[in-house]
Amino acid sequence: MEWIEDHLPRETLFVTLCGTGNNGGDGLVVTRMLHQRGYGVKAFLLKFSKDLSPDCLANLHRLQGIDKDLAGIVQPDTFITDIPANIVIIDAILGTGLSRPTGGWIAAFIEHINQFPNKKIAIDIPSGLPADLIPDKDAAILKVEDTLSFQFYKRSFLHPESGRFAGNIHILDIGLDKTFINGTHSQYKTIGEEEIAAIYKPRDAFGNKGTFGSALLAGGSYGKMGAMVMCARACLRSGAGLVTVLSPACGYSILQTAVPEAMCQTSGEQVIEAIEGWEARSAIGIGPGLGTDTRSAAALAAFIKACKAPLVVDADALNLVARQPELLADLPKGSIITPHPKEFSRLFGENTNSMIQLDHARIQAMRYNINIVLKGHHTAVITTEGECWYNMTGNAGMAKGGSGDVLTGIITGLLAQGYQPLEAAMAGVYLHGLAGDIAAKEISQEALTASDLIDYLGKAFLTVARK
């Protein structure tokens, strides 16, 4: 109720569509409370079951006890045909107990309501949307502008195939006991302010550049040096004390000019032919702009087999590993790989949807003892134990070339400073997204570029440091 009062004026009119289960009962409660607070509202109970749940029945009686006209009954195979466009529709037809796709009259009713131009708000979850599955492409699901969800995100909210139905998600605290929450284990969690505050390491006032680690970034090739420029700048902005870039000779002048704070060493003329000088580094990131030349492939294979410290592996380095899948077993334990969905498919095979792909990533992370950063709107960090952390920062303005190169630089920089691999991955994706959110507010999502993420990273750190 508080959210509705805060976001919609008192003169707003509502129609609440209720089912016969507990979600319908919640809709009847909302109807009663809106009426009591002076809003114009009427509930319609869709009689798709002869029996109402005890909660639904009790709240129907309470509402009718105030005024019988506050609740109407919609009989099977009938439809509401006239809801003026200014009336807000509250969806409480079906809830999280949905175990199969909707069909028959209810499916037709949902599709009918989808044709209405009215603003729609779902209670807990849009009707027809499963909580923990990706629905069939032709499933009948109510598409809403806002979802008022209780206590936690549903997994389906966080995946592109299904999250688009839920609109803007607003998590409402319904007072579940903290001890109960903490004692209930889940393999799926979200990365938010509290988790990052626990990870964040304030700068040591007495530190020097050696205190904050030495990072080596390997990548770049003819025509792709911009990737390493962004990666190196992001690594420096994330706080690494020293940054060295290993690139082919064709990139030397570019890097020395564009990133004067970084040191540069070369291998090969137009592609990297050997990866050397890494033994004393605190952290190593490899892949942006690397290309897929056979010489670089051989250099990468030799390096992975020799290195024992956790790596950050991205972009073309992942594509080269996909061509030599035996290298997956040679990755140092605890390494962080950062594939987007297509790169993941090249590494581990195709999946039918993003949720199945994520669960496949959990299996592969445990199999190879690595951390997987599966990039997307809600980038997921999957741990070596198979736990999944969905990141809650970021926006569509970041869907631009170079964003992944920036992320690799940030994670490598954090790793160099002494963050553990999982901490570096979690903090990295959070700060990366937060920088994007701050930038989007100031310059718009459309105008945002990957370089802006680097420029706004300082504001992201300041935000985290204040928590």
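All residue numbers in this chain count up from 1 along the given sequence.
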Can a donor-acceptor pair be found, under 3.5 Å and without considering hydrogens, that links the side chain of [X] to the backbone of [Y]?
X	Y	value
T383	E385	yes
N114	K143	yes
S127	L94	yes
Q265	E276	yes

Legend entry - Ring centres under 6.0 angstrom apart (Y390, H377):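 Not under 6.0 Å, so no.
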Inset, instruction - May I ask you to check whether F157 and H378 place their ring centres under 6.0 Å from each other? - result: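 Judged by ring-centre distance (under 6.0 Å), H378 and F157 do not meet the cut-off.
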Inset, instruction - Output all residues satisfying side-chain contact (heavy atoms from CB on, under 4.5 Å) with N369, sequence neighbours left out; order by chain, then residue number. - result: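 Checked N369 against side-chain contact (heavy atoms from CB on, under 4.5 Å); matches are K333, T384.
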Quick check: do [X] and [Y] have side-chain heavy atoms less than 4.5 Å from each other?
X	Y	result
S267	L246	yes
F165	L142	no
I336	V381	no
L331	V313	yes

Do [Y] and [X] meet the salt-bridge criterion of a basic N to acidic O distance under 4.0 Å?
X	Y	answer
D136	R100	no
K154	D124	yes
K224	D405	no
E273	R295	yes
E279	K308	no

Inset, instruction - For the pair H170 and W3, name the ring-plane relationship: parallel under 30°, tilted 30 to 60°, perpendicular over 60°. - result: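 H170 vs W3 ring planes: tilted.
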Inset, instruction - Start with the C-alpha distance between D437 and K459, add both sets of side-chain angles, then the distance that settles salt bridge (charged side-chain N to carboxylate O under 4.0 Å, His left out), and finish with yes or no. - result: CA-CA 10 Å; D437 289 340; K459 289 188 176 182; over 6 Å; no
Inset, instruction - Report the residue from V245, L217, L236 that forms a side chain to side chain contact (heavy atoms under 4.5 Å, CB included) with V259. - result: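 Looking at V245, L217, L236, the match for V259 under the side chain to side chain contact (heavy atoms under 4.5 Å, CB included) is L236.
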